Number of protein chains: 2
Amino acid sequence: MDSKKSIFTTGEFADLCGVKKQTLFHYDEIGLLKPEYRSENGYRSYSVHQVEIFIVIDMLKEIGMSLTEIKNFLQFKSLKSSIELLTEKEKIVKMKIKKMQHTQKLIQNKKKQIKEALQLNFDRFTIEEMDTEWYVLSENILNLPDKDATKVSMLFLKYMKQEGLFIDNAGALIRQEQVEAGDYLNYSNLYFRTHQLDLAEKISKKSGKYAVGYHKGSYLTIHETYEKIKDYLTKEGYRVCGHSFEEFLYVMEGASLSVEDNYVTKIMIKVEEN
Amino acid sequence: MDSKKSIFTTGEFADLCGVKKQTLFHYDEIGLLKPEYRSENGYRSYSVHQVEIFIVIDMLKEIGMSLTEIKNFLQFKSLKSSIELLTEKEKIVKMKIKKMQHTQKLIQNKKKQIKEALQLNFDRFTIEEMDTEWYVLSENILNLPDKDATKVSMLFLKYMKQEGLFIDNAGALIRQEQVEAGDYLNYSNLYFRTHQLDLAEKISKKSGKYAVGYHKGSYLTIHETYEKIKDYLTKEGYRVCGHSFEEFLYVMEGASLSVEDNYVTKIMIKVEEN
DNA sequence: TCTTGTGTATATGGTAACCATATACCTTAT
DNA sequence: ATAAGGTATATGGTTACCATATACACAAGA
């Protein structure tokens with residue numbers, strides 16, 4: 001006569017919700033989700049309907065609200081403002097979906113990159129015939145003071161990030177004169193490889209023979225690799241005839257425990273035979 | 001001659017990455033992302049390429065990896081296992097996108113619900129003519145011992161949750177006999193409203209006149225509201241002629257600070273005129 | 001040149017949302 | 001009747017930061 005159907009213990013309810021009992025204790029403690037009642041033995045009892053509350057809590061948590069915020073929201077002090085909040089959250093969810101889709105692309109790209117890396121020999125220099133490629137270029141920063149150059153670069157990178165174009169590798173362009181002068185850290189532009197040709201205004205290209213080498217380790221020691229490539233070129237009867245393009249890989253099978261030792265920069269310098 | 005372009009200070013780099021300086025200090029400390037180098041004055045210097053690393057870190061964080069896991073991953077101890085990990089993470093991202101899309105629906109539903117609630121008077125009982133509705137029903141738990149009933153309910157709810165059908169409200173069906181006997185907590189089935197008619201095997205319906213009332217507050221005091229509805233029916237010249245359907249999560253503008261006091265259970269009992 | 005505002009570095013303590021563990025009690029199944 | 005397993009509370013620990021305080025560095029103007 002006083003049967004109570006669909007009443008769950010803490011363990012059952014936790015299982016149902018896909019969390020640990022601890023979490024429910026916590027929610028009880030902070031008053032976010034208290035059990036319907038306690039039995040005489042002190043055991044918590046949750047009802048079916050509370051599963052629904054939990055689902056809402058879980059959802060709000062998922063979209064980045066803190067438990068305190070959620071508690072306030074569930075107070076429903078004003079239904080109108082609740083609707084407003086939900087409308088706002090709807091936008092956030094849309095953005096998150098977009099971000100996740102971007103992440104998907106990023107992962108695919110990284111996988112491709114690693115697969116390529118598996119085929120590569122980072123210790124050898126080569127001369128390669130390369131096709132034209134299209135880049136989105138930053139403004140020229142060569143003749144700017146370092147401070148200003150940094151600002152321009154920042155704006156460029158922020159823009160690219162914001163537009164979701166930060167999927168492929170970023171690169172740096174070093175002009176022939178700087179390469180020849182050994183002024184390797186004096187970039188003239190940053191760039192991104194792109195397949196979107198509608199970004200036409202800021203595009204540059206290259207095609208022909210390139211010396212390809214890989215620099216392992218810090219940015220600061222890249223001159224060493226450049227010098228080695230130059231030696232290699234002399235030996236092979238080539239000389240620099242254009243700009244250098246640096247792209248960043250950082251996927252070397254890591255013997256080293258130090259993260260940054262695994263950084264690899266791909267260097268491509270336009271060359272021709274003597 | 002020794003110009004260094006695109007080198008960022010901690011503040012700049014933080015801005016670029018969309019985080020606080022503190023976060024970068026933290027990553028430096030735990031060895032996850034150390035600056036390329038330190039100037040003589042002790043200032044951290046980050047390179048463009050490190051933005052790329054940060055983006056990967058951020059992405060991996062987004063999909064639920066801990067900083068320690070990320071650090072290990074970036075060690076690239078084995079490129080093959082790195083690819084495997086990424087492939088696994090790809091699946092997770094897919095799932096997350098699905099979940100987010102589900103969340104979108106949920107939010108829309110809650111908004112609709114709140115909008116409806118704004119029109120309602122929770123203090124009045126009414127007799128309403130209602131159309132046929134289709135429900136996904138759980139197994140009958142009426143004649144099961146409470147323990148077993150709970151288990152069956154759990155399986156039902158878990159199934160619904162897993163299938164992503166936990167968008168609309170859950171409800172409980174109390175049979176006429178239990179309603180008449182005052183055994184209001186002795187559900188015979190749980191149900192979900194549904195628009196998917198392909199779930200045909202587990203469907204139930206109803207159509208006709210219903211007494212509609214709202215119970216505010218705890219599950220345990222629902223009998224009070226039932227008794228009031230019964231009084232109301234007698235006064236109006238109606239009597240119970242079918243089952244009662246309870247649905248949850250109609251929200252009330254919260255006068256109370258206690259979360260659970262603001263929840264409302266909608267009670268619909270099939271009735272006919274005397 | 002001095003100053004003043006802004007930037008950086010380190011150190012320390014604090015926070016949210018749990019998780020792990022220990023201890024004690026309760027319940028059910030054999 | 002006893003063991004296995006579930007529940008309750010208490011306490012300390014964890015992760016990924018954030019806030020604040022203090023000290024030093026740098027750039028720009030009076």
Side-chain angles (χ1 to χ4, degrees), chain A residues 4 7-46 54 56-74 144-151 154, chain B residues 4 7-46 54 56-74 145-151 154 259:
Chain A
K4 282 174 199 160
I7 278 295
F8 307 105
T9 67
T10 313
E12 287 164 345
F13 195 73
D15 182 22
L16 202 49
C17 297
V19 296
K20 307 225 163 193
K21 273 200 293 189
Q22 264 291 348
T23 307
L24 297 175
F25 291 161
H26 187 55
Y27 290 0
D28 187 358
E29 208 173 65
I30 65 172
L32 177 60
L33 179 56
K34 287 183 174 299
E36 278 283 353
Y37 63 93
R38 297 269 195 138
S39 319
E40 310 89 60
N41 57 16
Y43 284 22
R44 291 170 177 82
S45 293
Y46 294 89
F54 183 90
V56 173
I57 290 174
D58 198 44
M59 170 196 96
L60 296 173
K61 200 157 52 95
E62 194 79 15
I63 59 184
M65 280 173 80
S66 77
L67 298 189
T68 325
E69 285 171 323
I70 294 174
K71 195 180 166 185
N72 285 332
F73 173 77
L74 292 179
L144 296 177
D146 288 2
K147 279 265 144 192
D148 296 345
T150 297
K151 264 180 208 157
M154 264 190 72
Chain B
K4 282 174 199 160
I7 276 296
F8 307 106
T9 67
T10 312
E12 288 164 343
F13 195 73
D15 182 22
L16 202 48
C17 298
V19 297
K20 307 226 162 191
K21 274 200 292 190
Q22 263 291 347
T23 307
L24 298 175
F25 291 161
H26 186 57
Y27 289 1
D28 187 358
E29 208 172 65
I30 65 172
L32 177 60
L33 180 56
K34 287 182 175 300
E36 278 282 353
Y37 63 93
R38 296 270 195 140
S39 319
E40 311 88 60
N41 57 17
Y43 285 22
R44 290 170 177 81
S45 292
Y46 293 90
F54 183 89
V56 173
I57 289 174
D58 199 44
M59 170 195 96
L60 296 174
K61 202 158 51 95
E62 194 78 16
I63 59 184
M65 278 172 83
S66 77
L67 298 189
T68 324
E69 284 170 324
I70 295 173
K71 194 180 167 188
N72 286 332
F73 174 78
L74 291 180
D146 288 4
K147 279 265 147 190
D148 296 345
T150 297
K151 265 180 207 156
M154 265 189 73
V259 169

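Source: prediction; values computed, not measured.
The phosphate of D/dT15 (OP1 or OP2) has no side-chain N or O of B/Ser66 nearer than 4.0 angstrom. In this model, the phosphate group of D/dC26 is approached by a side-chain N or O of B/Asn41 to a distance below 4.0 Å at OP1 or OP2.
You'll find that the side chain of A/Arg38 is closest to D/dA8, out of C/dC18, D/dA8, C/dC26. Side-chain proximity of A/Phe25 to D/dA8, C/dC18, D/dA16: nearest is D/dA8. Closest contact between the side chain of A/Leu67 and the listed nucleotides C/dA17, C/dC19, D/dT9 involves C/dA17. Nearest nucleotide to the B/Gln22 side chain, out of C/dT8, C/dC18, C/dA11: C/dA11. Residue B/His26 places its side chain closer to D/dA16 than to any other of C/dT8, C/dC18, D/dA16. Of all nucleotides listed (D/dC18, D/dT7, C/dA17), D/dC18 comes nearest to the side chain of B/Thr23.
Here the side chains of B/Ile70 and B/Leu32 are in contact, with some heavy-atom distance below 4.5 Å.
The nearest heavy atom of DNA chain C to B/Glu12 and to B/Glu29 marks one nucleotide each, and the one closer to the 5' end goes with B/Glu12. Toward the 5' end of DNA chain D, the nearer of the two residues B/Met65 and B/Tyr43, judged by each one's closest nucleotide, is B/Met65. Place B/Lys147 and B/Thr10 on DNA chain C by their nearest nucleotides, and B/Thr10 ends up nearer the 5' end.
Using a 4.0 Å heavy-atom distance criterion, B/Lys20 is classed as a sugar-phosphate-only contact.
Residues passing the side-chain contact (heavy atoms from CB on, under 4.5 Å) test with A/Met59, sequence neighbours excluded: B/Thr103, B/Leu106, B/Ile107.
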